[in-house]
Peer 1: 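Quick one: structure below, then a few questions.
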2 protein chains.
Amino acid sequence: MSDALPGDAVDRILEQWARERPDLDVSPMGVIGRLSRCAALLSQRLDGVFAEYGLSGWEFDVLATLRRAGAPYQLAPTELFSSLMVTSGTMTHRLKVLESKGWIVREASNQDARSTLVRLSGDGFALLERALEGHVANEHAILSALPARSVDALEKRLAELLAALETPRG
Amino acid sequence: MSDALPGDAVDRILEQWARERPDLDVSPMGVIGRLSRCAALLSQRLDGVFAEYGLSGWEFDVLATLRRAGAPYQLAPTELFSSLMVTSGTMTHRLKVLESKGWIVREASNQDARSTLVRLSGDGFALLERALEGHVANEHAILSALPARSVDALEKRLAELLAALETPRG
DNA sequence: AAATGTTATCTTGAATTCAAGTTAATCATG
DNA sequence: CATGATTAACTTGAATTCAAGATAACATTT
């Protein structure tokens, strides 16, 4: 009886629905609401550290995708927007900004004249390496609020859900 | 040896980091990456059903917040943008759109002349009631891909994480 | 090789959001 | 009640994103 009263923002939403629509089983809103809310709050926390390095979240994401691809840290725009789950138009804009900041360079592909490959510049690489350390430390700090066993269990369940969501149909 | 090869998008990211930066413990990226990705995919699935009712995700969110507040389905803009985690400027814009569509009406507050209360119109109420049923059915369908026990476990872990994230500091 | 279809990227215009600043009303304190 | 601080809502301008369409290069088939 020590967890009945306080609750979080999602508990209050569920209570409201129980009062207003007791005929509906809104229990899925509990999981899905908490998941969305966690994602929103997490993204705020991560952005805070990215900003310390003069980066926005999406800037870090693009640079990190190039970095982890391995030398020569080079990918085609299509590979980038596919893994980052954004449209081609969004990627065009992102690359323009990153290029103007000197963190990426572009060069024509030998394989395909339609494609201009994107490569991390020296500055971009160095900046990402620094930001990456801060980012990983931040993620460790955030998760340290939970017992390691809970984090493991959370990841297992999320992997199940992600597999279901990545499967066509459902 | 049946789960080593396939993996999901996040597994591939973790493998890349392990190859490129074996010195870093990037395990938090597993949980946090999957969480973000689940949230993005979930939001796409939910939007698909909202669209069947001519609604966008944020439109449903605002109408639902008013609906579950209970009769007379009326809240101040400040209450709305606080629970929906958006800025006041965003809410001004949202309310203008919803008003132009006839789903909300506005009236001056008796209590506070600065505040113009927002109330669901008859149309807005009826639309939300219909969309709500489709939305809840959709959420049930999505989660039915997982054993009930997994969903329960997932929610428990997410509640822990959410509590940590809602706590000031960390 | 010519025709057809596909792919990679970019362009355009609109939608959504936020940060910062504005205005007006309310509250608190002397 | 006067002053200053706070609050509620809105305005403005910029950033980010997407959908839809355009363009050019590639692939396949005849």
Side-chain angles (χ1 to χ4, degrees), chain A residues 36-37 39-41 43-48 50-51 54-63 65-66 74-101 103-119, chain B residues 36-37 39-41 43-48 50-51 54-63 65-66 74-101 103-119:
Chain A
S36 309
R37 214 166 174 96
L41 293 171
S43 142
Q44 284 179 7
R45 295 253 195 147
L46 301 189
D47 284 350
F50 295 144
L55 286 167
S56 64
W58 68 256
E59 287 172 332
F60 177 88
D61 287 342
V62 175
L63 299 183
T65 302
L66 290 167
Q74 191 174 53
L75 292 172
T78 297
E79 297 173 292
L80 283 170
F81 74 67
S82 300
S83 29
L84 291 168
M85 297 205 302
V86 298
T87 64
S88 63
T90 296
M91 191 51 60
T92 297
H93 169 255
R94 288 184 175 187
L95 296 177
K96 193 176 303 178
V97 171
L98 293 174
E99 189 175 29
S100 79
K101 292 186 175 177
W103 295 333
I104 62 169
V105 294
R106 315 188 68 168
E107 53 199 53
S109 165
N110 299 329
Q111 314 291 322
D112 187 334
R114 292 168 299 179
S115 187
T116 56
L117 299 178
V118 176
R119 187 165 45 81
Chain B
S36 309
R37 214 164 173 96
L41 293 172
S43 143
Q44 283 179 8
R45 295 252 196 147
L46 302 189
D47 284 351
F50 294 144
L55 286 167
S56 66
W58 67 256
E59 287 173 332
F60 177 88
D61 286 343
V62 175
L63 299 183
T65 303
L66 290 166
Q74 190 175 56
L75 291 172
T78 297
E79 296 173 291
L80 284 169
F81 72 69
S82 300
S83 28
L84 290 168
M85 300 204 299
V86 298
T87 63
S88 63
T90 296
M91 192 50 61
T92 297
H93 169 255
R94 288 183 175 189
L95 296 177
K96 194 176 301 178
V97 172
L98 293 174
E99 189 176 26
S100 79
K101 293 186 175 178
W103 296 333
I104 61 169
V105 293
R106 315 188 66 168
E107 52 199 51
S109 166
N110 298 328
Q111 315 288 322
D112 187 334
R114 292 169 299 180
S115 188
T116 55
L117 299 178
V118 175
R119 186 163 47 80

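Below, chains carry the letters A, B, ... as their sequence lines are ordered, and counting in each starts from 1.
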Peer 1: Quick check: on DNA chain C, is the nucleotide nearest Ala76(A) upstream (toward 5') of the one nearest Val86(B), or the reverse? Name the residue that is more 5'.
Peer 2: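 The 5'-side residue here is Ala76(A).
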Peer 1: Check the distance between dA14(C)'s C1' and Trp58(B)'s CH2 and give it to me in whole angstrom.
Peer 2: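 The distance from CH2 of Trp58(B) to C1' of dA14(C) comes to 14 Å, rounded to the nearest Å.
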Peer 1: What's the closest nucleotide to the side chain of His93(A) if the choices are dC10(C), dT16(D), dT16(C)?
Peer 2: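 Of the options given, the side chain of His93(A) lies nearest dT16(D).
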Peer 1: Figure out the NZ/P separation between Lys96(B) and dC10(D), and round it to whole Å.
Peer 2: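 Going from Lys96(B) (NZ) to dC10(D) (P), I get 8 Å.
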Peer 1: Run the side-chain donor-acceptor check on residues 83-98 of chain B: report pairs under 3.5 Å with partners two or more places apart or on a different chain.
Peer 2:
{"from": "Ser83(B)", "atom 1": "OG", "to": "Glu79(B)", "atom 2": "O", "distance (Å)": "2.8"}
{"from": "Thr87(B)", "atom 1": "OG1", "to": "Thr90(B)", "atom 2": "N", "distance (Å)": "3.3"}
{"from": "Thr87(B)", "atom 1": "OG1", "to": "Thr90(B)", "atom 2": "OG1", "distance (Å)": "3.1"}
{"from": "Thr92(B)", "atom 1": "OG1", "to": "Ser88(B)", "atom 2": "O", "distance (Å)": "3.1"}

Peer 1: Met85(A) CE to dT16(D) P: how many Å, rounded?
Peer 2: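 One finds 19 Å between P of dT16(D) and CE of Met85(A), rounded.
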Peer 1: Using a cut-off of less than 4.0 Å, is there contact between a side-chain N or O of Thr92(B) and OP1 or OP2 of dC10(D)?
Peer 2: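 Yes, Thr92(B) has a side-chain N/O under 4.0 Å of OP1/OP2 on dC10(D).
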Peer 1: Could you tell me the separation between the CD1 atom of Ile104(B) and the CG atom of Leu117(B), rounded to the nearest 0.5 Å?
Peer 2: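 So the CD1 of Ile104(B) and the CG of Leu117(B) are separated by 11.5 Å.
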Peer 1: Look up atom CG in Leu55(A) and atom CH2 in Trp103(A), then write down how far apart they are to the nearest 0.5 Å.
Peer 2: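 Going from the CG atom of Leu55(A) to the CH2 atom of Trp103(A) covers 5.0 Å.
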Peer 1: Between dT11(D), dA8(D), dT16(C), spot the one nearest the side chain of Ser115(B), thanks.
Peer 2: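 Output: dA8(D).
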Peer 1: Just how far, in rounded Å, is P of dT17(C) from CE of Met91(B)?
Peer 2: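 These atoms are roughly 9 Å apart.
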Peer 1: Any side-chain N or O of Arg106(A) less than 4.0 Å from the OP1 or OP2 oxygen of dC10(C)?
Peer 2: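 It does, given that an N or O in the side chain of Arg106(A) lies less than 4.0 Å from OP1 or OP2 of dC10(C).
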Peer 1: Search all heavy atoms of Ser109(B) against all heavy atoms of Gln111(B) and return the closest pair with its distance.
Peer 2: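 Between these two residues, the closest heavy atoms are OG-N, 3.0 Å.
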Peer 1: DNA chain D: Ala113(A) or Gly89(A), which has the more 5' nearest nucleotide?
Peer 2: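 Between the two, 5'-proximity favours Gly89(A).
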Peer 1: In whole angstrom, give the distance that lies between atom CD of Gln44(A) and atom C1' of dT17(C).
Peer 2: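 Going from CD in Gln44(A) over to C1' in dT17(C) covers 13 Å.
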Peer 1: Report yes if at least one side-chain N or O of Thr90(A) is closer than 4.0 Å to OP1 or OP2 of dC18(D); otherwise report no.
Peer 2: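 Affirmative; the distance criterion is met.
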Peer 1: When you measure from the side chain of Ser56(B), which nucleotide among dT16(C), dT17(D), dT17(C) comes out closest?
Peer 2: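 Ranking dT16(C), dT17(D), dT17(C) by closest atom to the Ser56(B) side chain puts dT16(C) first.
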Peer 1: Rounded to whole angstroms, how far apart are CG on Asp47(A) and C1' on dT16(D)?
Peer 2: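 It works out to 13 Å between those atoms.
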Peer 1: Between dT16(C) atom C1' and Arg94(B) atom CZ, what is the distance in whole Å?
Peer 2: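 So the two atoms are 8 Å apart, to the nearest Å.
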Peer 1: Whole Å only: how far is the CD atom of Glu99(B) from the P atom of dC10(D)?
Peer 2: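 Atom CD in Glu99(B) sits about 9 Å away from atom P in dC10(D).
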Peer 1: Can you find a donor-acceptor pair, distance only, under 3.5 Å between Arg114(A) side chain and dT7(C) base?
Peer 2: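 Looking at the base of dT7(C), it does pair with a donor or acceptor on the side chain of Arg114(A) (distance under 3.5 Å).
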Peer 1: Record whether the side chain of Ser88(B) comes under 3.5 Å of the base of dC10(D) through a donor-acceptor pair of N or O atoms.
Peer 2: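 By the distance-only test, yes, there is a pair.
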Peer 1: Say you draw a straight line from CZ of Phe50(A) to CG of Asp61(A); how long is it, rounded to the nearest 0.5 Å?
Peer 2: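 Here the rounded value is 6.0 Å.
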